[in-house]
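See structure below.
Atoms within a ligand are numbered from 1 in the order they appear, just like the ligands themselves. Atoms considered below: every heavy atom in the structure, side chains included; atoms not considered: hydrogens, waters and symmetry mates.
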Amino acid sequence: MDLKLQNKVVIVTGGAKGIGEGIVQVLASEGAIPVIVGRNAEDNQKVVDALTAQGKEAFQVAAELTQPEASEKAVKAVLEKYGRIDGLVNNAGVNDGVGLENGSYEGFIASLHKNVVHYYLMAHYALPALKASKGSIVNISSKTADTGQGGTSAYAASNGGRNALTREWAVELLKYGIRVNSVIVAECWTPLYEKWIETLPNPQEKLAAITANIPLENRMTTAEEIANMTVFLLSETSSHTTGQLIYVDGGYVHLDRALANS
Ligand SMILES: NC(=O)c1ccc[n+]([C@@H]2O[C@H](COP(=O)([O-])OP(=O)(O)OC[C@H]3O[C@@H](n4cnc5c(N)ncnc54)[C@H](O)[C@@H]3O)[C@@H](O)[C@H]2O)c1
């Protein structure tokens, strides 16, 4: 299938690691120009250099997205370099465990800035360029908005926000032909996931219990599998798909729990 993404400029926040990096790799393999917007210039550049060495084009902008002015600056830097933006993937975030019992006002608000405020700001500042290109937006989100996880109120609220914004923007942007969708992730092995599981008392046992409950093939989703769906949604090939929350999770959220024992 030709996704017709040749030379399309697509911003991926948090594109230096994990799911974001997977999306950057698939975009580059489709001939698009991924632009990593992430906090660590060195990490970003490593990915850009590896792609450049393979004859592919990529670019990076160092930005700490919890700072409200960073999103505007990042969008400006991309426009200065390429003069266009064809797609935006909002992906940067962290499951930071700000709970109801053990949280605070400051922790809750800070987590919203880590996980959802910059989704809004990146889309807000990229919008004029997306209108010009009739581009597309994909918001990466988490199952915690549907299932809860316990002890992570702000992250769950942020993911509920990411999903609501997907529907809200899909409606607001109909008039521009800009499509907005979410890819919902449940269990995907990344540096963030590894860090999270290491905070639990018996990480290896917990991991085995989780994967045993993933209906399709009892395994974690790969970053590439999340990326393949994301890149499809960015492309014209999904031209009549908007406002959708798509679960790339091996059936984890919706299939019968009894499957784990069969
Ligand atoms: N891994 C999973 O199983 C899982 C499950 C559900 C949802 N998600 C979502 O996927 C997204 C990516 O997760 P991941 O597991 O790939 O994470 P990760 O930590 O492995 O990679 C995230 C990258 O984004 C960067 N980043 C994070 N916050 C940033 C900020 N404020 N400013 C600039 N850069 C920032 C990090 O430095 C890192 O390079 C997150 O939004 C998370 O909510 C992941």
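- Grouping Ile, Leu, Val, Met, Phe, Trp and Tyr residues whose side-chain heavy atoms lie under 4.5 Å apart, directly or via other members, leaves L216 alone, with no other cluster members.
- Residues Y193 and I210 are in side-chain contact: their nearest non-hydrogen atoms beyond the backbone lie under 4.5 Å apart.
- In plain terms, the two heavy atoms of H118 and A92 that are nearest each other are CE1-O, 3.1 Å.
- At least one side-chain heavy atom of T66 sits under 4.5 Å from a side-chain heavy atom of K114.
- Here K143 does not pair with D249 in a salt bridge; the nearest charged N to carboxylate O distance is not below 4.0 Å.
- The heavy-atom pair separating L79 from R84 by the smallest distance is CD2-N, 3.7 Å.
- Protein residues having at least one heavy atom under 4.0 Å from any atom of ligand 1 are G14, K17, G18, I19, G38, R39, A63, E64, L65, T66, N91, A92, G93, Y119, I140, S141, S142, Y155, R162, V185, A186, E187, C188, T190, P191, L192, Y193, listed by chain and number.
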